[in-house]
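Per chain, numbering begins at 1; letters A, B, ... match sequence-line order.
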2 protein chains.
Amino acid sequence: MDDQERRSMPLFSIGTVKKLTELTARQIRYYEEHWLITPERTEGNQRLFSFNDVDKLLEIKDYLDKGLNLAGIKLLLNEDTSLKEETTKKEKDLSKTQLRKVLKQELNDAGRYGKTTLRQGELARFFVKY
Amino acid sequence: MDDQERRSMPLFSIGTVKKLTELTARQIRYYEEHWLITPERTEGNQRLFSFNDVDKLLEIKDYLDKGLNLAGIKLLLNEDTSLKEETTKKEKDLSKTQLRKVLKQELNDAGRYGKTTLRQGELARFFVKY
DNA sequence: TTTTTATGTAAGAAAACCTCACATATACTT
DNA sequence: AAGTATATGTGAGGTTTTCTTACATAAAAA
């Protein structure tokens with residue numbers, strides 16, 4: 001079992017993830033609905049989250065604090081993971097173009113400080129050997 | 001947050017622990033009843049297990065396979081943790097005496113091979129940086 | 001043989017979670 | 001400014017998971 005497997009093992013109920021991320025269940029489900037995360041399910045259809053999922057949620061939270069919208073965050077998250085996989089150059093260029101458009105709006109904002117609550121980065125890096 | 005804290009954070013539902021350890025809920029609860037583990041509880045009284053708990057359960061499973069009984073296993077588990085804490089010499093000697101008595105029976109057994117199912121040792125060592 | 005140990009199973013209740021729907025504040029678009 | 005989209009709150013009704021308690025039982029110990 002390698003690190004990637006460990007990080008993607010379905011381990012946590014939504015209750016635990018709520019505590020870990022300080023997000024509401026509504027938010028977590030909404031982000032799933034929009035494909036920012038794709039947690040597994042139990043046989044009875046209950047969500048089971050991995051370290052990777054929790055990390056993404058913490059990232060989402062962080063980016064939201066900085067004023068990004070979900071569309072932009074989705075691109076950033078994909079950017080992160082797609083860089084670790086093999087992606088055609090075309091796709092990456094497309095992403096970057098769209099990304100810049102979204103980020104431009106961020107620059108015109110410049111307000112808001114990241115009121116980092118608990119851990120706003122990388123839970124798995126905190127927990128999982130790699 | 002140090003490693004000990006990480007390892008003792010209440011994270012997992014009993015459902016997850018069942019999958020992780022391949023023990024039945026009955027077994028897990030029984031071991032708690034006999035103080036081999038002491039998982040936390042949610043506000044609504046549902047058990048929440050830590051990496052340490054899961055590790056102990058895997059140890060318990062391993063020792064049971066080797067023919068030890070719960071009394072002996074409990075001493076071994078305490079032995080493990082008490083060595084890391086400060087204990088009076090008296091207490092330790094007492095434990096060791098009792099322990100030997102229990103282990104004697106193990107020696108007269110000598111059968112049974114540990115049919116190591118998934119991970120029979122140290123889940124936290126597998127998951128948690130330390 | 002009787003007792004103890006470790007586990008199975010079932011019932012009834014409570015907690016946690018599910019989806020769906022509607023409400024709403026804030027941010028965009030025109 | 002008015003209308004639309006985004007992100008989240010809230011509540012209802014239903015399902016899944018977990019809880020405790022109690023009784024049953026095979027294997028081991030006394």
Side-chain angles (χ1 to χ4, degrees), chain A residues 10-49 53 57 60-75 101-112, chain B residues 10-49 53 57 60-75 101-112:
Chain A
L11 296 174
F12 308 117
S13 70
I14 200 170
T16 294
V17 175
K18 277 171 56 182
K19 284 183 211 140
L20 250 24
T21 62
E22 293 182 329
L23 294 166
T24 65
R26 183 66 168 93
Q27 288 176 296
I28 295 166
R29 296 193 188 110
Y30 186 71
Y31 304 151
E32 181 193 24
E33 194 182 337
H34 289 269
W35 299 95
L36 305 207
I37 53 171
T38 52
E40 305 267 310
R41 300 287 181 125
T42 66
E43 285 195 3
N45 198 40
Q46 317 238 151
R47 272 166 267 254
L48 278 182
F49 300 81
D53 291 325
L57 289 171
I60 291 167
K61 220 188 149 191
D62 202 36
Y63 285 134
L64 282 175
D65 276 348
K66 289 178 177 155
L68 293 213
N69 63 16
L70 285 199
I73 294 169
K74 172 147 59 167
L75 291 175
K101 195 173 158 197
V102 175
L103 288 180
K104 211 172 49 183
Q105 151 191 316
E106 225 257 285
L107 297 174
N108 293 338
D109 199 318
R112 269 163 286 210
Chain B
L11 296 173
F12 308 117
S13 70
I14 200 170
T16 294
V17 175
K18 277 171 55 182
K19 284 183 210 139
L20 250 25
T21 62
E22 294 182 326
L23 294 166
T24 66
R26 182 65 168 96
Q27 289 177 296
I28 296 166
R29 295 193 188 109
Y30 186 72
Y31 304 152
E32 182 193 24
E33 194 181 337
H34 289 269
W35 299 95
L36 306 206
I37 54 172
T38 52
E40 304 268 310
R41 299 288 181 126
T42 66
E43 284 195 6
N45 198 40
Q46 317 242 150
R47 271 165 268 253
L48 278 182
F49 299 82
D53 292 325
L57 289 171
I60 291 167
K61 221 187 148 190
D62 200 35
Y63 286 134
L64 281 175
D65 278 346
K66 289 176 178 156
L68 292 212
N69 63 15
L70 285 201
I73 294 170
K74 173 148 55 167
L75 290 176
K101 194 174 160 198
V102 175
L103 288 180
K104 213 172 50 184
Q105 150 192 317
E106 224 257 287
L107 298 173
N108 293 337
D109 199 320
R112 271 164 283 210

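- Counting only heavy atoms from C-beta on, A:I14 has its side chain closest to C:dC18 among D:dC19, C:dC18, C:dG8.
- Counting to the nearest Å, the P atom of C:dT19 and the CD1 atom of A:I28 are 13 Å from each other.
- Nearest-nucleotide mapping onto DNA chain C: of A:Q46 and A:R26, the residue sitting toward the 5' end is A:Q46.
- Annotation: the span from A:I60 atom CD1 to A:T21 atom OG1 amounts to 9.5 Å, rounded to 0.5 Å.
- With salt bridges taken as basic N to acidic carboxylate O contacts below 4.0 Å, one links A:D62 and A:K66.
- A sub-4.0 Å separation between OP1 or OP2 of C:dT7 and a side-chain N or O of B:Y30 is absent.
- Atom CD of B:E33 is surrounded by more than 12 heavy atoms from other residues, nucleotides or ligands within 6.0 Å.
- Distance, B:E33 CD to D:dT20 P: 10 Å, rounded to whole Å.
- Put simply, NZ on B:K61 is 17 Å from P on C:dA6, counting in whole angstrom units.
- At the phosphate of C:dC17, neither OP1 nor OP2 sits under 4.0 Å from any side-chain N or O atom of A:R47.
- Of the candidates D:dT8, C:dA6, C:dG8, the closest approach to any side-chain atom of B:N69 belongs to C:dA6.
- In this structure, B:D65 atom CG and D:dA27 atom P are separated by 17 Å, rounded to whole Å.
- Checking the phosphate oxygens (OP1, OP2) of D:dT16, no side-chain nitrogen or oxygen of A:T42 falls inside 4.0 Å.
- The side chain of B:N45 places an N or O atom within less than 4.0 Å of a non-bridging phosphate oxygen (OP1 or OP2) of D:dT20.
- One finds no side-chain N or O of B:S13 lying less than 4.0 angstrom from the OP1 or OP2 phosphate oxygen of D:dT17.
- Atom CD in A:E32 sits about 16 Å away from atom C1' in D:dA7, given to the nearest Å.
- To the nearest angstrom, P of C:dT5 lies 21 Å from CZ of B:R29.
- Mapping B:A25 and A:G15 onto DNA chain C by nearest heavy atom places B:A25 at the nucleotide closer to the 5' end.
- Rounded to the nearest 0.5 Å, atoms CZ (B:R29) and CZ (B:R47) are 5.0 Å apart.
- Between the C1' atom of C:dA6 and the NE2 atom of B:H34 lies a distance of 8 Å, rounded to the nearest Å.
- A close approach under 4.0 Å does occur between a side-chain nitrogen or oxygen of B:Y31 and OP1 or OP2 of C:dT7.
- Between the CD atom of B:E43 and the P atom of C:dA15 there is a distance of 11 Å, given to the nearest Å.
- Salt bridge status for A:E32 with A:R41: present, with a side-chain N to carboxylate O gap under 4.0 Å.
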